[in-house]
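If you're wondering where the values come from, they're calculated on a predicted model, not measured in any experiment. The residues of the chain are indexed from 1 along the displayed sequence.
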Amino acid sequence: MNRRVPLLLAALLLLLAGCTDSPGDDDDPDPPHAAGRWQPEPGVPWQWQLSGRLDTSVDVPVYDIDGFDHPASTVAALHERGRKVICYLSTGAWEDWRPDAGKFPRSILGQGNGWDGERWLDIRRTDVLEPLMAGRIDMCRDKGFDAVEPDNMDGYANTTGFPLTAADQLRYNRLVARLAHERGLAVGLKNDLDQIPQLLDDFDFAVNEQCAEYGECAALSPFVEAGKAVFHVEYELPTREFCPEAKRLGLSSMLKRYELDAWRKPC
């Protein structure tokens, strides 16, 4: 008896069964949140304003504004002008004026980070911080923002009052990125240059302060090479000293004042 005939028939049946799978089915599908999520491209102009009356007349495609301070109507108005809008949040430091400040246990509040009313957070305590940050990112999503800029994401490299390690920071930063992505929002890596190689795949863009002043802008090149925007500001240097290099590297660069009001001088 020829035993190859039933074996060939079985293989044919398996092949036919595989053809009936739904389009796009595979053993390792893309995460559902990846589809349709905004991906800013290198060199896109932007405005970053966190203080003063918001100036919505700046003719740039991207705005980065405070998530707590602005209602959904402001985000909608910017969308009507064709802008994408980033939701600024502090995820690595506590701010005493925020409406949810009382929800943070004192045990996770560390030393000041140099700004009035702000203290570093013990990012090891993800059991406490995950629901708090999820609530904040829910707010960004519900107001219609396109992305999140989580600030103070490099506590391990600062004097926080806690023995934070690089591994603690990687774990926490990835948690914040996941929370944003699960809600369909893009998310940016703020500063934290030393961990770019490990975090590049977790973040959709970068936000950097003063890389030119400290000779660090080249460290942001992996984002540009991956087709991801680097939103960059300087405070102390005149534009003639940093814009040529910033343009060469493909950064979205401008000069701002420390208070991050409406004034800007782009490259």
**Q.** Considering all heavy atoms, the nearest D96-A101 contact
**A.** O-CB, 3.8 Å

Q) Can you list the other members of the hydrophobic cluster that holds V44, where links are side-chain heavy atoms under 4.5 angstrom apart? A) W38, W46, W48, L50, V62, I86, Y88, F205, V207, F231, V233, Y235, M254, Y258, L260

Q) Should we count CD of E41 as having more than 12 external heavy atoms under 6.0 Å? A) no

Q.
Under the criterion side-chain contact (heavy atoms from CB on, under 4.5 Å), I'd like the reasoning laid out for Q111 against T160: C-alpha separation, chi angles, the key distance, then a yes or no.
A. CA-CA 5 Å; Q111 295 187 20; T160 63; 5.8 Å; no

Q: Give, for atom SG of C87 and atom CG of D64, the distance between the pair rounded to the nearest 0.5 Å.
A: 8.5 Å

(Q) Restricting to ring-ring contact (aromatic ring centres under 6.0 Å, His included), what partner residues turn up for F223, sequence neighbours left out? (A) none

Q: List the steps, then state whether side-chain contact (heavy atoms from CB on, under 4.5 Å) holds for E234 with S253.
A: CA-CA 8 Å; E234 293 292 329; S253 301; over 6 Å; no

(Q) Please tell me whether S57 and D55 have a donor and an acceptor in their side chains that are separated by less than 3.5 angstrom. (A) yes

Q) Checking salt bridge (Lys or Arg N to Asp or Glu O under 4.0 Å) for the pair R141/E182: CA distance, chi angles, key distance, verdict? A) CA-CA 10 Å; R141 177 201 58 200; E182 287 175 349; over 6 Å; no

(Q) Working to the nearest 0.5 angstrom, can you tell me the gap between K190 NZ and N152 CG? (A) 7.0 Å

Q: Determine which pairs satisfy ring-ring contact (aromatic ring centres under 6.0 Å, His included) with at least one residue from residues 115-169, sequence neighbours left out, and list them in order.
A: none

Q | D168: partners by salt bridge (Lys or Arg N to Asp or Glu O under 4.0 Å), with sequence neighbours left out | A | none

Q. Should D69 and R98 count as an ion pair when the cut-off is N to O under 4.0 Å?
A. yes

**Q.** side chain to side chain donor-acceptor pair (under 3.5 Å) partners of S51, counting only residues at least two apart
**A.** none

Q: Kindly work out whether a path of hydrophobic side-chain contacts (I/L/V/M/F/W/Y, heavy atoms less than 4.5 Å apart) joins L220 to L255.
A: no

**Q.** Qualifying ring-ring contact (aromatic ring centres under 6.0 Å, His included) pairs with a residue from residues 55-79, counting only residues at least two apart or across chains
**A.** none

Q. What residues, two or more places apart in sequence or in another chain, satisfy salt bridge (Lys or Arg N to Asp or Glu O under 4.0 Å) together with R174?
A. D202

(Q) The criterion is side chain to side chain donor-acceptor pair (under 3.5 Å); which residues satisfy it with D204, sequence neighbours excluded? (A) R37, H181

Q | Atom pair CD1 (I137) and OG1 (T91), whose distance is rounded to the nearest 0.5 Å | A | 7.5 Å

Q. Can you find a side-chain donor-acceptor pair between N113 and N158 that sits under 3.5 Å?
A. no

(Q) Do the side chains of D127 and R125 get close enough for a salt bridge, i.e. N-O under 4.0 angstrom? (A) yes

Q. With sequence neighbours excluded, what pairs up with R119 under the salt bridge (Lys or Arg N to Asp or Glu O under 4.0 Å) test?
A. none

Q: Identify the residue among L121, V148, L175 that makes a side chain to side chain contact (heavy atoms under 4.5 Å, CB included) with M133.
A: L121

**Q.** Connected hydrophobic set around Y214, excluding itself, where side chains approach under 4.5 Å
**A.** none

Q | side-chain hydrogen bond (donor to acceptor under 3.5 Å, both in side chains) contacts touching residues 240-249 (sequence neighbours left out) | A | E245-R248

Q | T126 and R171: side chain donor to acceptor below 3.5 Å | A | yes

Q: Apply salt bridge (Lys or Arg N to Asp or Glu O under 4.0 Å) to E259 and list each qualifying residue two or more places apart in sequence or on a separate chain.
A: R257

